[in-house]
Q: 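Please read through the structure below; I'll follow up with questions.
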Protein chains: 2
Amino acid sequence: MQGYDKYAFEPFAVTVDLAVFTVRAGRLHVLLVERGQEPYAGHWALPGGFVLPEESAETAAGRELAEETGLADSDGLHLEQLRTYSEPDRDPRMRVVSVAFAALVPDPPAVRAGSDAARAEWLAYGTQGPLAFDHDRILADAHDRVCAKFEYTGLATAFCPPEFTLGELRKVYETVWGAELDPANFRRKVLGTSGFVDAIPGAARLTGGRGKPAALYRAGPATALHPPLLRPSTVPSDISPEGKPS
Amino acid sequence: MQGYDKYAFEPFAVTVDLAVFTVRAGRLHVLLVERGQEPYAGHWALPGGFVLPEESAETAAGRELAEETGLADSDGLHLEQLRTYSEPDRDPRMRVVSVAFAALVPDPPAVRAGSDAARAEWLAYGTQGPLAFDHDRILADAHDRVCAKFEYTGLATAFCPPEFTLGELRKVYETVWGAELDPANFRRKVLGTSGFVDAIPGAARLTGGRGKPAALYRAGPATALHPPLLRPSTVPSDISPEGKPS
DNA sequence: ACAAAAGTGTTAGAGATACACCCATGG
DNA sequence: CCATGGGTGTATCTCTAACACTTTTGT
């Protein structure tokens, strides 16, 4: 921050990498792209790209997400910075510092194969083979963070359509955490946390055909949950670099 | 991550900025340096510097911390990546992307005025004027993260000497949170959380002269606390980007 | 009628809060 | 002896987990 000569050092490239999650068919999925060139040609990788000269990393991440999924930054969409990966040898070609982001998107939008030639696809989380570069680590970090944030934020609604039932919301939790939750207690906790969800006065909708029609809710304004919704029996692994509970 | 030409873009400089905290005399302090040159000459700023070509941001942060405080990376010291600040205009001279870190150090080591000319000093948190660049925001983010992490990690021991009493540990919590804690309940919670602190079988030490001698403890191996140690009556503000509860 | 999911109620236990109280030391 | 801080005990309250039960639909 003191000596300043913009050519004093080998130039650094700054990129963003995105771990984009969605819940489809009761499984957590990640958006991956297939690399067309060396290194790691043919391997799957996280979508991403360079930060342009007039962009912040956040802007670049939003742009890449839109290019890859067609989702505008408005929608129920959640995009959050994870951390920065800067090992000198993480890309064999040159010095690349990557700011990683985690994104949560509602129902699986059609996969647009991005403007760049690469093939993009939703893969069930856990079924993907080894990814290119250090992307396995980034993806694992992103997954940890999302799991942890589900406990003390209303983030789970980012996986739901604008209107959803409590059963659907519970299914999202169960899918992401890989644990079963008691419907009765889940209901009480969610409704007892002010600002988490807002009831829609209108009608009720059938769930999957079977069962009593469920009431509809919208995501509420609360960002932090009080009290938190703790996952069962799990000793919370280390918190990702953010906090809360955080 | 696809097109690769290391000179295709204006070079980015990558730096680290450090928010270094300590607890001294019952007050939370931050390490700041006085800038000697424009822009912001005469203003206080967070210590930091360039990431060298063969370093990761983590290595650079550890090096800068050692240069500034003389503390080796061993000691009870805690250093953690916060997030990356990359607004295009955050430095008027050129494009600088900064990876911010938060550090917690035990008792105030003597301030070494760093190898770079700038004057370095511990200032009580909250008394510093406006900082250079976007450092006010970085410092505030770091403070939020530290407060939040005190709830669900054993981080507070990073502010204590290797051996400490529960009264000292409680004072750290009270100082950082700015709240009073019930000594009896604090004791029970800390001792009831396995791995938080380990008792030292040896002798007991007097606290400040007055009162019954207190038992000594060392920081335990636990990184996450179960159950968490919640700060009183405060609705936990938003969690910093990491984890539980932020 | 039956299965399945929504929604309500109830109970037993864990954890938190608030205090009262005893212990050991310095002045 | 008294103020101060360490350390123990305990009653009350809240929150949670577990599970029984009712309601409303589709088949």
Side-chain angles (χ1 to χ4, degrees), chain A residues 26 150-152 160 163-175 177 179-194 196-197 199-217 225-236 245, chain B residues 26 150-152 160 163-175 177 179-194 196-197 199-217 224-236 244-245:
Chain A
F150 263 42
E151 292 193 325
Y152 55 96
C160 295
E163 307 191 339
F164 51 86
T165 68
L166 294 185
E168 289 168 346
L169 183 62
R170 178 171 47 84
K171 209 88 189 69
V172 166
Y173 270 94
E174 292 178 337
T175 300
W177 282 348
E180 300 239 314
L181 301 177
D182 182 303
N185 294 332
F186 180 82
R187 173 188 191 75
R188 253 187 303 265
K189 278 194 200 171
V190 169
L191 295 183
T193 303
S194 85
F196 191 178
V197 296
I200 300 177
R205 167 184 85 174
L206 350 172
T207 1
R210 282 273 229 293
K212 182 175 172 176
L216 288 174
Y217 296 85
L225 261 39
H226 290 280
L229 197 57
L230 299 170
R231 56 194 132 166
S233 69
T234 310
V235 171
Chain B
F150 263 42
E151 291 192 325
Y152 55 95
C160 295
E163 307 191 339
F164 52 87
T165 68
L166 293 184
E168 289 168 346
L169 184 61
R170 178 170 47 83
K171 210 88 189 70
V172 165
Y173 270 94
E174 293 178 336
T175 300
W177 283 349
E180 299 240 312
L181 300 177
D182 182 302
N185 296 331
F186 179 83
R187 174 188 190 75
R188 252 187 303 266
K189 278 193 200 173
V190 169
L191 295 182
T193 303
S194 84
F196 190 178
V197 296
I200 299 176
R205 167 183 84 177
L206 349 173
T207 2
R210 282 273 229 293
K212 182 176 175 177
L216 288 175
Y217 296 86
L225 261 38
H226 290 280
L229 197 57
L230 300 169
R231 57 193 133 168
S233 69
T234 311
V235 170
K244 156 191 210 101

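Order of the sequence lines fixes the chain letters, A, B, ..., with proteins taken first and strands second; residue numbering starts at 1 for each chain.
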Q: Without decimals, in angstroms, what is the distance between A:Leu181 CG and D:dA18 C1'?
A: 14 Å
Q: What's the separation between atom CG in B:Asp182 and atom NZ in B:Lys189, rounded to the nearest 0.5 Å?
A: 9.5 Å
Q: With the side chain of B:Arg170 defined as its heavy atoms from C-beta on, choose the nearest nucleotide among C:dC19, D:dT24, D:dG6.
A: D:dG6
Q: What is the distance, to the nearest angstrom, from the CG atom on A:Asp182 to the C1' atom on C:dT11?
A: 14 Å
Q: Side-chain contact, heavy-atom cut-off 4.5 Å: A:Glu151 with A:Trp177?
A: yes
Q: Rounded to the nearest 0.5 Å, what's the gap from CZ on A:Arg187 to OG1 on A:Thr165? Could you check?
A: 10.0 Å
Q: Would you tabulate the pairs of protein nitrogen or oxygen atoms and nucleotide nitrogen or oxygen atoms of nucleotides 15-17 of chain D closer than 3.5 angstrom?
A:
residue: D:dA17; atom: OP2; partner: A:Lys189; partner atom: NZ; Å: 3.1
residue: D:dA17; atom: N7; partner: A:Asn185; partner atom: ND2; Å: 3.4

Q: Atom CD of B:Glu180 to atom P of C:dA16: distance rounded to whole Å?
A: 20 Å
Q: Out of C:dA3, D:dA3, D:dT8, which nucleotide sits closest to the side chain of B:Arg210?
A: D:dA3
Q: If you assign B:Leu166 and A:Ala184 each to the DNA chain D nucleotide with the nearest heavy atom, which residue ends up on the more 5' nucleotide?
A: B:Leu166
Q: Flag the pair A:Val190 / A:Tyr173 as yes when at least one side-chain heavy-atom distance between them is below 4.5 Å, and no otherwise.
A: no
Q: Check whether any side-chain heavy atom of A:Leu229 lies under 4.5 Å from a side-chain heavy atom of A:Leu181, and answer yes or no.
A: no
Q: Can you measure B:Lys212 atom NZ to C:dC22 atom C1' for me and round it to whole angstrom units?
A: 8 Å
Q: Determine, step by step, whether A:Tyr217 and A:Glu168 satisfy the side-chain contact (heavy atoms from CB on, under 4.5 Å) criterion, reporting the C-alpha distance in whole Å, the side-chain angles of both residues, the deciding distance to 0.1 Å, and the verdict.
A: CA-CA 10 Å; A:Tyr217 296 85; A:Glu168 289 168 346; over 6 Å; no
Q: Can you tell me the distance, in whole Å, between the CD atom of B:Glu168 and the P atom of D:dT4?
A: 19 Å
Q: Starting at CZ of B:Phe186 and ending at P of C:dT17, how long is that distance when rounded to a whole Å?
A: 13 Å
Q: Once you round it to whole Å, what is the distance between P of C:dA6 and CG of A:Leu169?
A: 12 Å
Q: Please tell me if A:Arg187 has a side-chain N or O lying less than 4.0 Å from either OP1 or OP2 of C:dT8.
A: yes
Q: Could you tell me which non-hydrogen atom of B:Leu166 sits nearest to which non-hydrogen atom of B:Phe186, and how far apart they are?
A: O-CE2, 3.7 Å
